[in-house]
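First the structure, in the form of structure tokens, and then the observations on it.
Side chains included, hydrogens not; waters and symmetry mates left out as well; all remaining heavy atoms used.
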Amino acid sequence: MTLLPDSLWVSLPVPALLLDGDDLIRAINPAAELFLNASARALRGASIWDRLLADAPLRESFARVRDSHAPLFVNDVEVGARARTGRPCNLQIAPVAEMPGQILLLLEPREIADKLGRAMQAKTAARSAIGMAEMLAHEIKNPLAGITGAAQLLSMGLAPRDRELTDLIVAESRRIVKLLEQVEQFGDLRCPQRRALNLHDLLDRARTSAMVGFAAHMRLKEDYDPSLPLTHADGDQLLQVLLNLLRNAAEASPSGGTITLRTFYDPAIRVRRKDGTGAAVPLQIEIIDDGPGLPPDIAGEVFEPFVSGRENGTGLGLALVAKIVAEHEGWLAVESAPGRTVFRLSLPVAPKPGAGHDGQAREDI
């Protein structure tokens with residue numbers, strides 16, 4: 001017996017358990033089966049205390065919920081099955097209306113909350129730097145043009161040996177101009193011109209460009225789901241996102257390696273819009289490299305402006321990626337360890353004719 005229609009109970013993206021007054025498991029959803037590494041048949045009727053370990057006084061929490069008939073939230077608890085290592089989770093414990101003594105237990109693994117939090121932080125940080133970026137780009141580019149021109153004029157009257165210094169001035173000025181052009185892109189506030197697009201067409205364009213340029217030393221593999229529906233995006237901006245992620249993967253392995261482009265469908269991932277409504281982002285792109293991984297001290301901040309793990313990095317490439325993805329109401333995440341770094345991009349499905357801009361019915365989440 002469950003509290004929700006079967007389709008909703010099965011679709012819950014977090015582990016959920018229904019407990020009776022004796023703390024026996026009466027119902028469990030598929031996410032909880034995975035979390036506890038056991039089938040619903042094996043878990044149904046078992047005591048929660050025989051199946052779940054937690055570093056918090058959950059017995060007292062359950063009693064409090066039953067006595068007060070009010071929900072309770074317990075954050076940052078190490079929770080796990082008895083045969084598995086615990087994971088940090090946030091817990092939600094709620095009484096069940098018209099079912100005395102029964103409670104609903106929801107387990108939210110912290111990595112899900114942390115990823116969503118990082119996505120929102122990246123979007124906020126990107127916007128906060130826009131004003132500064134535009135001001136710097138405008139104020140610095142103008143005098144740089146004069147410096148470059150003056151150095152070129154000076155070089156015309158110099159001996160070849162002395163011309164090395166003016167050539168250095170011109171080269172460095174052009175390098176700074178290129179950086180400022182990135183800054184200007186970062187400060188571009190134009191809304192994306194979204195339309196129905198085939199993700200694999202964009203991936204093929206990005207792959208071709210990478211193979212003849214910055215990723216010529218890498219091996220690129222494809223692992224595509226050909227059944228993916230169209231997405232709803234600005235083609236030029238999304239291509240820039242893919243190129244930036246591919247460049248990042250290629251530069252992580254200067255001596256060569258493998259980059260895997262993977263696509264698949266995951267209906268469980270949803271994001272919250274500015275107006276508080278929820279939207280599905282089921283179209284998944286993963287760019288996987290076998291490089292050394294992100295430096296641990298910046299792994300949680302790579303989408304923030306001016307954060308870079310490379311000596312000469314600008315720290316704007318991934319911040320620009322985060323900004324574009326946020327404007328497309330998508331989700332961006334990264335998981336990194338030595339030998340495997342995965343950047344995952346989640347995007348919406350293109351709307352059907354006559355539907356809203358996302359093709360999905362709006363609902364609160």
If two hydrophobic side chains count as joined below 4.5 Å and joins carry through other members, does [X] share a cluster with [Y]?
| X | Y | result |
| --- | --- | --- |
| Leu202 | Ile288 | no |
| Leu19 | Val77 | yes |
| Phe214 | Val241 | yes |
| Val170 | Leu154 | no |
| Trp49 | Leu105 | yes |

Could you grab the distance from atom [atom1] of [X] to atom [atom2] of [Y], nearest 0.5 Å is fine?
| X | Y | atom1 | atom2 | answer |
| --- | --- | --- | --- | --- |
| Thr263 | Asp225 | OG1 | CG | 5.5 Å |
| Ile169 | Leu144 | CD1 | CG | 11.5 Å |
| Leu91 | Phe73 | CG | CZ | 11.0 Å |
| Thr231 | Leu283 | OG1 | CG | 5.0 Å |
| Ser346 | Glu329 | OG | CD | 13.5 Å |
| Leu347 | Leu197 | CG | CG | 10.0 Å |

Distance-minimising heavy-atom pair for [X] and [Y]:
| X | Y | result |
| --- | --- | --- |
| Leu245 | Ile287 | CB-CD1, 3.5 Å |
| Ala252 | Pro292 | O-CD, 3.1 Å |
| Ile103 | Pro95 | CG2-CA, 4.3 Å |
| Ala54 | Leu58 | CB-CD1, 3.7 Å |
| Ala233 | Leu238 | CB-CD2, 3.9 Å |
| Pro192 | Gln237 | CB-OE1, 3.6 Å |

Donor-acceptor pair, [X] side chain versus [Y] backbone, under 3.5 Å?
| X | Y | value |
| --- | --- | --- |
| Glu335 | Val342 | no |
| Asp234 | Gln193 | yes |
| His328 | Pro348 | no |
| Arg194 | His232 | yes |
| His217 | Ala250 | yes |
| Gln284 | Pro282 | yes |
| Arg26 | Leu18 | no |
| Arg219 | Thr258 | no |
| Thr208 | Arg205 | no |
| Thr166 | Arg163 | yes |

Determine whether [X] and [Y] make a side-chain contact, defined as any pair of heavy atoms from C-beta on separated by less than 4.5 Å.
| X | Y | result |
| --- | --- | --- |
| Glu78 | Pro88 | yes |
| Phe343 | Val321 | no |
| Pro71 | Gln92 | no |
| Arg207 | Met211 | yes |
| Leu52 | Phe35 | yes |
| Ile285 | Leu242 | yes |
| Leu203 | Glu222 | no |
| Thr341 | Asn248 | no |

**Q.** Leu17 and Leu36: CA distance, side-chain angles, deciding distance, side chain to side chain contact (heavy atoms under 4.5 Å, CB included) verdict
**A.** CA-CA 11 Å; Leu17 300 99; Leu36 296 175; 4.0 Å; yes
Q.
Do the side chains of Asp23 and Arg66 get close enough for a salt bridge, i.e. N-O under 4.0 angstrom?
A.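 Looking at Asp23 and Arg66, the cut-off is met.
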Q: Check whether more than 12 heavy atoms from other residues, nucleotides or ligands sit under 6.0 Å from atom CG of Asp204, and answer yes or no.
A: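 Counting neighbours around CG of Asp204, more than 12 heavy atoms of other residues, nucleotides or ligands fall under 6.0 Å, so yes.
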Q.
As a quick check of understanding, evaluate side chain to side chain contact (heavy atoms under 4.5 Å, CB included) for Arg51 and Ile28, giving each step before the final call.
A. CA-CA 12 Å; Arg51 295 293 185 170; Ile28 180 170; over 6 Å; no
Q.
Ring-plane angle category for Tyr224 and His200, please: parallel below 30°, perpendicular beyond 60°, tilted otherwise.
A.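 Correct class here is parallel.
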